[in-house]
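Here the structure comes first, spelled out in structure tokens, and everything after it is commentary.
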Amino acid sequence: MSRVYNFSAGPSALPEAVLKKAQQEMLDWQGTGMSVMEMSHRGKHFMSIAETLLADLRELMAIPDNYKIALLQGGATAQFSLIPQNILGDKSKAAYINTGAWSKKAIKEAGAFCDVQLAASAEDSKFTTIPERSSWALDADCGYLHYTANETIHGVEFFDIPEVDMPLVSDMSSNILSRPVDVSRFGLIYAGTQKNMGPAGVTIVIVRDDLLGKAKNSVPSVFNYQQQIDNDSMLNTPATYNWYLVGLVLQWLKELGGLAEMEQRNIRKAEKLYQTIDASALYSNPVDKAYRSRMNVPFILADSQLDAAFLEAAAANGLSTLKGHRSVGGMRASIYNAMPEAGVDALIDFMTEFERTH
Ligand SMILES: *Cc1c(COP(=O)(O)O)cnc(C)c1O
């Protein structure tokens, strides 16, 4: 068996140690004689897995007590519609920053449930920057401001948390757990797990308690944050095995030293990859240097005729899934927590050699 370095944007590489542990425990979880997949979600074994997961997430992200955590299904995409229905209360308007493909989707979905104020947009720049905070238009009657902390397709990331006078809502699907964040600055944080937390199938919602209890009556119970939280996110059968795998990823992060350590690693990995791109005549990345994502590094080749050869040679060198999103073209290297520094080094060596020979 040989594993490749997998640069997929999501579902994406998982830490090898996590996969091995899951393999070890597959048939018999800790002497129970059964797989986690086969356990009742109400039984004490699974309850202990769930409790540990929540405690570890709280510890790793330093989530304050007045924030509740829900583990839901439907991906971040479901949250695009559920957030306005759950937290707007008697307000009818919310503000959104448009920094790329995922913000755009969030805006479109929210538009069915509230008036969207487009506070700022980077569309004119083809999503290569983040509009200056001073240029944002924020009406006081907006119930929240939404932004996408990391644009997975365009490779644009917020490194500062915006200062605003309304609850801040952030889609952190592709950069959650990549560095410490001050949760107390947010009203709500959400993330699908398949980028940086585990396999697909779980969506984490971290919400400040004053935003709970405001859901419209029309919201189905499984999508009602308050009801799910009151039921430990087990109002119906949860994606049990996926919760378990997310739990293993959190334990792996704790063993490595937590999010401050991950931040150092992620900075090192991203910096050397961008340096390689910037020093090259063949590769380029169009994003404003201040906002270049540490998680998703898109780059194009000066001659797109070389794309196919690049991808083929990369695959032959054990470097997989580097093709860029169809809307941006070129390449994209997703280098989440689970991508070891050696994987980035291997990519850099390959890119350097490919440039030399083409
Ligand atoms: C992948 C992604 C989504 C969509 O996640 P789904 O689980 O497919 O709904 C939303 N936002 C961001 C930033 C993403 O990277």
Side-chain angles (χ1 to χ4, degrees), residues 6-14 70-86 94 96-113 116 121-123 127-128 130 144-159 161-162 168-179 181 186 188-206 222-223 233 238-239 241-243 245-246 249 266 270 287 291-298 321 323-328 332-339:
N6 174 7
F7 295 91
S8 173
S12 46
L14 284 162
L71 307 179
L72 305 175
Q73 296 188 44
T77 303
Q79 300 312 315
F80 294 163
S81 324
L82 295 172
I83 288 165
Q85 297 181 76
N86 268 280
Y96 280 73
I97 309 288
N98 181 14
T99 51
W102 289 113
S103 325
K104 255 183 127 152
K105 288 201 174 150
I107 290 166
K108 175 172 171 283
E109 295 290 316
F113 300 97
V116 169
S121 174
E123 191 148 19
F127 299 122
T128 54
I130 293 174
Y144 61 83
L145 171 71
H146 178 284
Y147 75 100
T148 307
N150 182 61
E151 286 285 357
T152 319
I153 292 173
H154 292 91
V156 174
E157 184 168 2
F158 280 78
F159 293 103
I161 302 170
L168 205 49
V169 172
S170 186
D171 177 357
M172 295 194 186
S173 291
S174 51
N175 67 351
I176 193 164
L177 303 176
S178 66
R179 59 188 150 99
V181 290
F186 294 88
L188 187 150
I189 291 169
Y190 66 107
T193 47
Q194 74 272 26
K195 280 38 183 274
N196 210 19
M197 291 190 93
V202 190
T203 315
I204 310 270
V205 176
I206 302 165
V222 289
F223 288 140
S233 303
Y241 196 71
N242 306 51
W243 285 30
L245 289 171
V246 170
V249 170
N266 289 328
V287 178
Y291 306 117
R292 284 173 161 184
S293 170
R294 282 182 200 147
M295 298 282 101
N296 311 96
V297 180
T321 333
K323 193 172 167 50
H325 190 271
R326 59 189 180 282
S327 64
V328 177
R332 171 175 49 169
S334 295
I335 51 172
Y336 301 116
N337 288 348
M339 175 58 64

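Ligands are counted one by one from 1 in listed order, and the atoms in each one are counted from 1 as well. Every value quoted in this text rests on a predicted model; they were computed, and no experiment measured them.
Protein heavy atom in closest approach to atom 9 (O) of ligand 1: Thr77 OG1, 2.5 Å. The single protein non-hydrogen atom nearest to atom 15 (O) of ligand 1 is Thr152 OG1, 2.4 Å, given as residue, atom name and distance. Closest to atom 8 (O) of ligand 1, if we only count protein heavy atoms, is Gln194 NE2, 3.7 Å.
Relative ring orientation between Tyr96 and His146 is described as parallel, the plane-to-plane angle staying below 30° on a 0-90° scale split at 30° and 60°.
Short contacts between ligand 1 and Gly75, defined as distances under 4.0 Å to a heavy atom of the residue, involve ligand atoms 7 (O), 9 (O).
For a threshold of 3.5 Å applied to N or O pairs, the pair formed by Asn150 and ligand 1 contains no separation below that value. Ligand 1 has an N or O atom lying under 3.5 Å from an N or O atom of Ala76, backbone or side chain.
Between Ala333 and Phe7 the shortest heavy-atom distance is CB-CD2, 3.9 Å. Trp243 and Pro238 get closest at one heavy-atom pair: CZ2-CB, 3.3 Å. For the pair Ala9 and Ser334, the tightest heavy-atom approach, listed with the atom from each and the gap, is CA-OG, 3.2 Å.
Side-chain atoms of Thr99 and His154, non-hydrogen and from C-beta on, never get closer than 4.5 Å to each other. The shortest side-chain heavy-atom distance between Thr193 and Thr203 does not fall under the 4.5 Å cut-off. Proximity of Ser173 to Trp102: side-chain heavy atoms (C-beta onward) are nowhere separated by under 4.5 Å.
In the candidate list Asn296, Asp171, Asn175, Asp171 is nearest to atom 12 (C) of ligand 1, counting heavy atoms.
For Phe80, every heavy-atom contact with ligand 1 shorter than 4.0 Å involves the side chain, none the backbone. Under 4.0 angstrom from ligand 1, the non-hydrogen atoms of Lys195 all belong to its side chain.
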